[in-house]
Structures are given as C-alpha cells and as structure tokens.
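Data first, discussion second: the structure below is written as structure tokens.
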Amino acid sequence: MATLRLGDTAPNFTAQSSIGELNLHDYLGDSWGILFSHPADFTPVCTTELGTTAKYKPEFDKRNVKMIALSVDGVESHKEWIKDINETQQTEVNFPIIADEDRNVSTLYDMIHPKADNSLTVRSVFIIAPDKTIKLILTYPASTGRNFKELLRVIDSLQLTAYHKVATPANWEQGDDVVVSPAIATEDAKKIFTKGVKEIKPYLRMTPQPNL
C-alpha cells in the first residue's frame, strides 16, 4: 500500500484488544486519537512508556484525546503484560492495547520496517483529528522511549492551530506567543488578534495565544 502522509484519512480497522473488539473510527468518535505501536509485549522500554501513558491519561482526557496502543502479540499476552506494567510503574493501564498477531494493522500503517525487524513493529505514533485525518506521524527507533510531554505539546499546537489562524514557533508551549499566519495581512491581523500584533519582519508577526 502507499505510504501514509499527513492529511490522509487514518485507515479504519476492527481488531481484538485488551478491552475487547475495537473499531478505530467508532472508538474515536468525535475525539482526537493517538495510536502508538510497540515492538512486542514484555519489552523494557515499552513497559515504561505504557506506564507513563497511563499516568498522563487525565491530561489527554482534558484535550479530548483517546489513546490506543498496539503490539503484535495476542490479547492474553497483553493482559499478562498489563499486570507487569501496573506493578512496575505504579499505575493502572486505562486504555486499550490492540492485539495485532496477524500484522494486519501494522501493515496498514507501515509499522514494520524490515531493516529494523521483519516481524516486530517500530515505535510509531499517529495523531488523528476528529475528522479522522492524520495530523502527525513520528517513528522512533526501538532503543529510544517516547516523550509524552512532547506529544501533549504537539496536540496543544494542533488543536490551537486548527481553530485559529496561527502557527506555533520553535519550542512553543501552552501560553507562549504564537505566529500570525502568513496568509493574513498585518492590518487584518490587528483586527483579528485584538491582544496585539508585533511585526518583527513583514513575514514574521507574533501575537499572544488567542484562546487564553
């Protein structure tokens, strides 16, 4: 299949998971979603990641984001692994883990890279908007754990820029000034962004974050 790109519709699928059968589009409903894969169950870095994800669930909930993990192992393996995650990470896994033993979802989302391993998924991340389009794709090597603070920061940016004619600059965090869209003339921008517009260059205008 063709490589997935930003703006593509996230391929739908139905699969078994740690909470039962799950259809991606139905499960997400009107929410945002984050789909992230793991090479296999009972792997050390993934154990820390899933524990961290569970602890961050209230933050994802605030942003109307549903989390879904995926591994190529089966449901019973997932359930045993969840016990280990809860024990070692002092948390309770509170989101589904998809069982992808037949590699159907992994193939659909190009999560298996033969040069890494022809049977295990890489650490892929897909952020999906309520309209089911893919807004972010990240791929990490197996040796590097993901930064979930960064994923929250990206979601904040995606949600802000989806509803306001702004972009977020380097290292932006919630509450920082943002960039006025280049498509808006400065005089028009001053009418839209009533907190003020600072013109650094004609193409570089900053304004306080509009939704605060």
message: If only side-chain N and O atoms count, and only distance matters, is there a donor-acceptor pair under 3.5 Å linking Gln209 with Gln174?
response: yes
query: Is a side-chain donor or acceptor of Asn86 paired with a backbone partner of Val93 at a separation under 3.5 angstrom?
result: yes
- prompt: Among all residues two or more places apart in sequence or in another chain, which pass the side-chain contact (heavy atoms from CB on, under 4.5 Å) test with Thr47?
  reply: Trp81, Ile85, Thr88, Gln89
query: Is a side-chain donor or acceptor of Thr43 paired with a backbone partner of Val45 at a separation under 3.5 angstrom?
result: no
task: Please assess Ser37 against Arg123 for the test side chain to side chain donor-acceptor pair (under 3.5 Å), listing each intermediate value before the final yes or no.
output: CA-CA 5 Å; Ser37 60; Arg123 293 183 201 283; over 6 Å; no
I'd like a table of donor-acceptor pairs (distance under 3.5 Å, sequence neighbours excluded) in which one partner is a side-chain atom from residues 24-34, with atom names and distances.
unit_1: His25; atom_1: NE2; unit_2: Ala10; atom_2: O; d: 2.8
unit_1: Ser31; atom_1: OG; unit_2: Leu28; atom_2: O; d: 3.4
unit_1: Ser31; atom_1: OG; unit_2: Asn64; atom_2: OD1; d: 3.1

query: Side chain of Thr107, backbone of Arg103: donor and acceptor closer than 3.5 Å?
result: yes
- prompt: Going through the checks in order, is the side chain to side chain contact (heavy atoms under 4.5 Å, CB included) test met by Phe13 and Asp100?
  reply: CA-CA 11 Å; Phe13 60 81; Asp100 193 34; over 6 Å; no
field: Worked verdict on Phe126 versus Tyr109 for ring-ring contact (aromatic ring centres under 6.0 Å, His included)
entry: CA-CA 9 Å; Phe126 295 86; Tyr109 280 80; 5.0 Å; yes
message: Set out, in order, the CA-CA distance, both residues' side-chain angles and the distance that settles side chain to side chain contact (heavy atoms under 4.5 Å, CB included) for Thr207 and Ile192, then state yes or no.
response: CA-CA 10 Å; Thr207 187; Ile192 295 169; over 6 Å; no
Report all side-chain donor-acceptor pairs from residues 163-172 shorter than 3.5 Å, counting only partners two or more places apart or in another chain.
unit_1: Thr168; atom_1: OG1; unit_2: Ser157; atom_2: OG; d: 2.7
unit_1: Trp172; atom_1: NE1; unit_2: Asp176; atom_2: O; d: 3.2

query: Would you find a donor on one side and an acceptor on the other, under 3.5 Å apart, between the side chain of Asp41 and the backbone of His78?
result: yes
- request: Supply the atom-to-atom distance Ile128 CD1 to Lys66 NZ, rounded to the nearest 0.5 angstrom.
  value: 12.0 Å
field: Gap between atom CG of Leu160 and atom CG of Asn211 - 0.5 Å precision
entry: 5.0 Å
field: Donor-acceptor under 3.5 Å (Asn147 side chain, Leu151 main chain)
entry: no
- prompt: Around Lys195, counting heavy atoms of other residues, nucleotides and ligands shown, do more than 12 lie under 6.0 Å from its NZ?
  reply: yes
- request: Could you tell me which residues satisfy side-chain contact (heavy atoms from CB on, under 4.5 Å) with Lys55, sequence neighbours excluded, listed by chain and number?
  value: Thr91
task: Step by step, work out the side chain to side chain contact (heavy atoms under 4.5 Å, CB included) result for Val125 and Tyr140.
output: CA-CA 8 Å; Val125 180; Tyr140 290 72; 4.3 Å; yes
- request: If a pair satisfies salt bridge (Lys or Arg N to Asp or Glu O under 4.0 Å) and one of its residues is in residues 73-99, list it, with sequence neighbours excluded.
  value: Glu80-Lys83
query: For Phe60, what residues pass the ring-ring contact (aromatic ring centres under 6.0 Å, His included) criterion, not counting sequence neighbours?
result: none
- prompt: Quick check: does any side chain N or O of Arg63 sit under 3.5 Å from a backbone N or O of Glu59, one acting as donor and the other as acceptor?
  reply: yes
message: Please tell me whether Val154 and Val179 are part of a single hydrophobic cluster in this structure, the criterion being side-chain heavy atoms less than 4.5 Å apart.
response: no
